[in-house]
Undergrad: 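So that we are looking at the same thing, I have put the structure below in structure tokens.
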Amino acid sequence: MNDKNPKSSSGKFRKWFKRKHKKKQPDPYYLQDELSDGDDFMEDIYVGSLEIDPCTSTNQLRIFVGTWNVAGRAPVGSLAVDLEEWLKPRDAVDIYVLGFQEIVPLKTRTVIGAEDPRKATNWNLLIGKALNESSGCPWLTPMLNPISSDSYQYVRNPGLKKRASFSAICDNTRMRGKPITQHRHHQQAVIGGSKYKLMASKKMVGVFISVWMKKELVTKYSVSNVKVSSVACGILGYLGNKGSVSVSMSIERTSFCFIAAHLASGEKQGDEGRRNHQVSEIFKRTSFPRSAKDEHNLHPLTILGHENNKNLCKLVVLTIQIHEIKPSSFLWNSRIFWFGDLNYRLYNLEDNLARHLIQKKDWKALQEFDQLRREQEDGGVFQGWREGNIEFAPTYKYSSSNYNRYSGGVPSRSGEKQRTPAWCDRILWYGKGVKLLSYLRSEIKFSDHRPVSALFSTQIEVSKSSNPRIFSKDTIVPNIMPPEQIGTSGNYEEGKATLLSLIVKDTEASSIHTQKL
């Protein structure tokens with residue numbers, strides 16, 4: 001560490017923050033680096049911080065993200081074979097993230113009634129069977145002590161060391177059949193020999209997310225802070241016929257956030273505004289609560305927290321360097337994936353012309369009318385997010401009487417809804433270190449939607465530092481307040497200032513405590 005006067009460094013920091021604080025208030029839903037690379041002082045601090053703990057390595061993971069609206073149909077019959085086909089290539093995938101919409105019919109009883117956990121259990125059973133039996137691993141059906149809840153998240157054994165706990169858990173379950181601790185105190189015996197392990201799942205009415213990870217990687221890497229969340233923003237703005245279910249988790253020093261959503265339907269002019277509003281609501285209201293048993297670290301508590309994680313780490317490192325404190329491993333990177341039946345349609349395009357372009361497979365011409373792309377360009381939603389090039393036919397709406405053709409058309413068929421085909425089912429991502437390998441649709445003819453999947457290669461930062469001089473992050477990073485305490489967009493800058501003041505105050509206290517020792 002350079003021998004500089006801490007007072008002058010602190011003054012430099014305050015001047016820098018005051019200058020940044022005076023800038024125009026940003027849109028909290030516009031995902032960008034608020035600490036611009038053009039700020040030489042900030043960039044020097046951040047780049048220099050990477051040299052604090054050089055003992056890191058970068059590993060690659062392959063993530064399969066899939067979304068499918070199943071139109072209220074139960075997971076029975078030939079769907080098992082179809083699901084196995086959809087989830088290929090299994091051996092090359094490290095993590096499966098699957099989002100479903102309408103796993104129950106969206107009727108009054110299911111929307112306002114109590115959640116039925118059997119639906120989530122049945123889907124998880126089917127997914128587990130498809131992932132494991134097709135890989136040559138035995139999978140007992142039904143599972144012993146299946147998850148009987150609409151919400152599940154992996155919890156590591158707190159009594160074991162961070163990295164050793166995963167190996168010990170897997171060894172114990174293979175050798176002695178002991179159960180793993182689960183959310184809401186439910187127990188599930190891990191099936192010996194199974195290749196993929198359920199890490200988290202969450203159901204809200206018809207929206208459902210299920211995350212699976214290779215069992216060998218759960219042993220190899222430190223997987224922590226697995227959290228689930230749901231946001232209902234349907235009827236009256238708060239019922240669960242529309243909304244999202246999300247999973248947040250950390251793998252080593254990299255955090256991930258997966259959001260499965262079902263947005264407002266409709267192809268009338270102005271309906272895109274309702275969808276945009278629901279996206280904003282999901283951003284604001286998604287929260288991953290912290291419990292007393294959690295480790296105190298920088299794991300994000302909101303979707304925006306994931307996006308701003310890099311900026312937060314920059315500010316923390318700046319504070320640490322000013323006070324000459326060495327940090328332990330931080331979550332430097334975040335990867336966010338948003339997928340589902342987003343329901344964006346085709347803008348100002350006559351139905352017969354849309355069907356003509358589909359018949360010609362002129363996807364480029366058809367994308368000129370895509371509502372989601374137009375909204376992104378106009379700044380209405382998902383600014384800064386990325387999506388793969390669409391080189392497949394629209395996934396909605398297929399006839400309920402004949403899943404080989406789109407509903408409606410000319411001449412109109414009796415009893416069928418007239419809907420212009422559209423790419424309603426989408427997968428987007430945000431974050432560096434993510435490479436799209438494929439983006440395609442499957443031809444499973446199970447509902448009026450075709451499933452869509454994307455295969456990604458992503459980097460994770462693995463810490464190998466064992467420096468005994470490194471302070472615990474518990475001493476330098478305070479708990480981050482939940483969004484309802486920080487406030488919405490109006491208090492965004494105030495929230496950042498509060499967080500910075502807490503970090504400065506906490507690190508000053510830590511420095512005083514260290515000097516006394």
Undergrad: Run the numbers on Y221 and N59 for side-chain hydrogen bond (donor to acceptor under 3.5 Å, both in side chains), then give the verdict.
TA: CA-CA 10 Å; Y221 295 122; N59 291 3; 2.9 Å; yes
Undergrad: Report the C-alpha separation of L83 and I127 in whole Å, then their side-chain angles, then the decisive distance to 0.1 Å, and conclude whether the side chain to side chain contact (heavy atoms under 4.5 Å, CB included) test is met.
TA: CA-CA 7 Å; L83 199 60; I127 295 167; 4.0 Å; yes
Undergrad: In the structure I gave you, are the side-chain heavy atoms of N132 and Y196 within less than 4.5 Å of one another anywhere?
TA: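 With C-beta onward as the side chain, the pair touches.
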Undergrad: Should K202 and F208 count as side-chain neighbours, where that means a heavy-atom distance under 4.5 Å?
TA: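 Heavy-atom side-chain distance check fails, nothing below 4.5 Å.
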Undergrad: Counting C-beta onward and ignoring hydrogens, is there a side-chain heavy-atom pair between W212 and M199 closer than 4.5 Å?
TA: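 W212 does not reach M199 side chain to side chain.
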Undergrad: Taking the six-membered ring for Trp, are F258 and F337 closer than 6.0 Å centroid to centroid?
TA: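 They qualify: ring centres under 6.0 Å apart.
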Undergrad: Strictly below 4.0 Å, N to O, side chains only: are D271 and R274 in salt-bridge contact?
TA: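 Yes.
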Undergrad: Quick one about Q459 and R335 (side-chain donor to acceptor, distance below 3.5 Å, no hydrogens or angles considered), yes or no?
TA: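 No - no donor-acceptor pair under 3.5 Å links their side chains.
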Undergrad: Parallel, tilted or perpendicular, judged at 30° and 60°: which one describes the rings of W385 and Y430?
TA: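 Rings of W385 and Y430: tilted, as their planes differ by 30° to 60°.
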Undergrad: Just to verify, what does N343 make a side-chain hydrogen bond (donor to acceptor under 3.5 Å, both in side chains) with, not counting sequence neighbours?
TA: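 If we apply the side-chain hydrogen bond (donor to acceptor under 3.5 Å, both in side chains) test to N343, skipping adjacent residues, the hits are R345.
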Undergrad: So I390 and R373, side chain to side chain contact (heavy atoms under 4.5 Å, CB included) or not? Walk me through it.
TA: CA-CA 11 Å; I390 301 176; R373 297 283 174 95; 3.6 Å; yes
Undergrad: Could you tell me if the ring centre of F446 sits under 6.0 Å from that of Y403?
TA: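 No, too far apart.
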Undergrad: Within the 3.5 Å criterion, strictly below it, is a donor on T254 or E461 matched to an acceptor on the partner's side chain?
TA: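 No donor-acceptor contact under 3.5 Å links the two side chains.
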Undergrad: Extract all donor-acceptor atom pairs below 3.5 Å that involve side chains of residues 374-381 and protein atoms in other chains or at least two apart in sequence.
TA:
unit_1 : atom_1 : unit_2 : atom_2 : d
R374   : NH2    : E368   : O      : 3.1
E375   : OE1    : N276   : ND2    : 2.6
E375   : OE2    : Y347   : OH     : 2.6
Q376   : NE2    : F382   : O      : 3.1

Undergrad: Students often mix this up, so state it plainly: with edges at 30° and 60°, are the rings of F392 and Y439 parallel, tilted or perpendicular?
TA: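 Geometry flag for Y439 against F392: perpendicular rings.
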Undergrad: Check this for me, if you would: do E102 and R73 make a salt bridge, where the nitrogen-to-carboxylate-oxygen distance has to be below 4.0 angstrom?
TA: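 The answer is no: the pair does not qualify as a salt bridge.
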Undergrad: Is F64 close to S453 at the side-chain level, that is, under 4.5 Å between some pair of heavy atoms?
TA: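 S453 reaches F64 side chain to side chain.
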Undergrad: Distance only, no hydrogens: is a donor on one side chain within 3.5 Å (strictly under) of an acceptor on the other, for S255 and S334?
TA: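 Note: S255 and S334 side chains meet the donor-acceptor criterion.
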Undergrad: Are the side chains of S210 and L198 in touch, meaning some heavy atoms are under 4.5 Å apart?
TA: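 Counting from C-beta outward, S210 and L198 do come under 4.5 Å.
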Undergrad: Could you walk me through whether D448 and K397 pass the salt bridge (charged side-chain N to carboxylate O under 4.0 Å, His left out) check?
TA: CA-CA 5 Å; D448 55 355; K397 169 180 175 64; 2.9 Å; yes
Undergrad: Is the F456 to W429 ring centre distance short of 6.0 Å?
TA: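 Yes; W429 has its ring centre under 6.0 Å from that of F456.
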Undergrad: Determine whether L342 and L428 make a side-chain contact, defined as any pair of heavy atoms from C-beta on separated by less than 4.5 Å.
TA: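 Side chain of L342 against side chain of L428, heavy atoms only: contact under 4.5 Å found.
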Undergrad: Can you list the steps and then say if E252 with S224 is a side-chain hydrogen bond (donor to acceptor under 3.5 Å, both in side chains)?
TA: CA-CA 8 Å; E252 294 289 342; S224 60; over 6 Å; no
Undergrad: Decide yes or no for D425 and W423: does some side-chain heavy atom of the first lie under 4.5 Å from some side-chain heavy atom of the second?
TA: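 No, every pair of side-chain atoms sits at 4.5 Å or beyond.
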Undergrad: Passes side chain to side chain contact (heavy atoms under 4.5 Å, CB included), M249 versus I251? Steps please.
TA: CA-CA 7 Å; M249 63 190 294; I251 303 176; 4.3 Å; yes
Undergrad: Please state whether the rings of W338 and F283 are parallel, tilted or perpendicular, taking 30° and 60° as the class boundaries.
TA: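 W338 vs F283 ring planes: tilted.
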Undergrad: Is there side-chain contact between D370 and R426, with heavy atoms separated by less than 4.5 Å?
TA: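 Sidechains of R426 and D370: in contact.
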Undergrad: Walk me through whether S250 and F256 qualify under side chain to side chain contact (heavy atoms under 4.5 Å, CB included).
TA: CA-CA 6 Å; S250 298; F256 291 85; over 6 Å; no
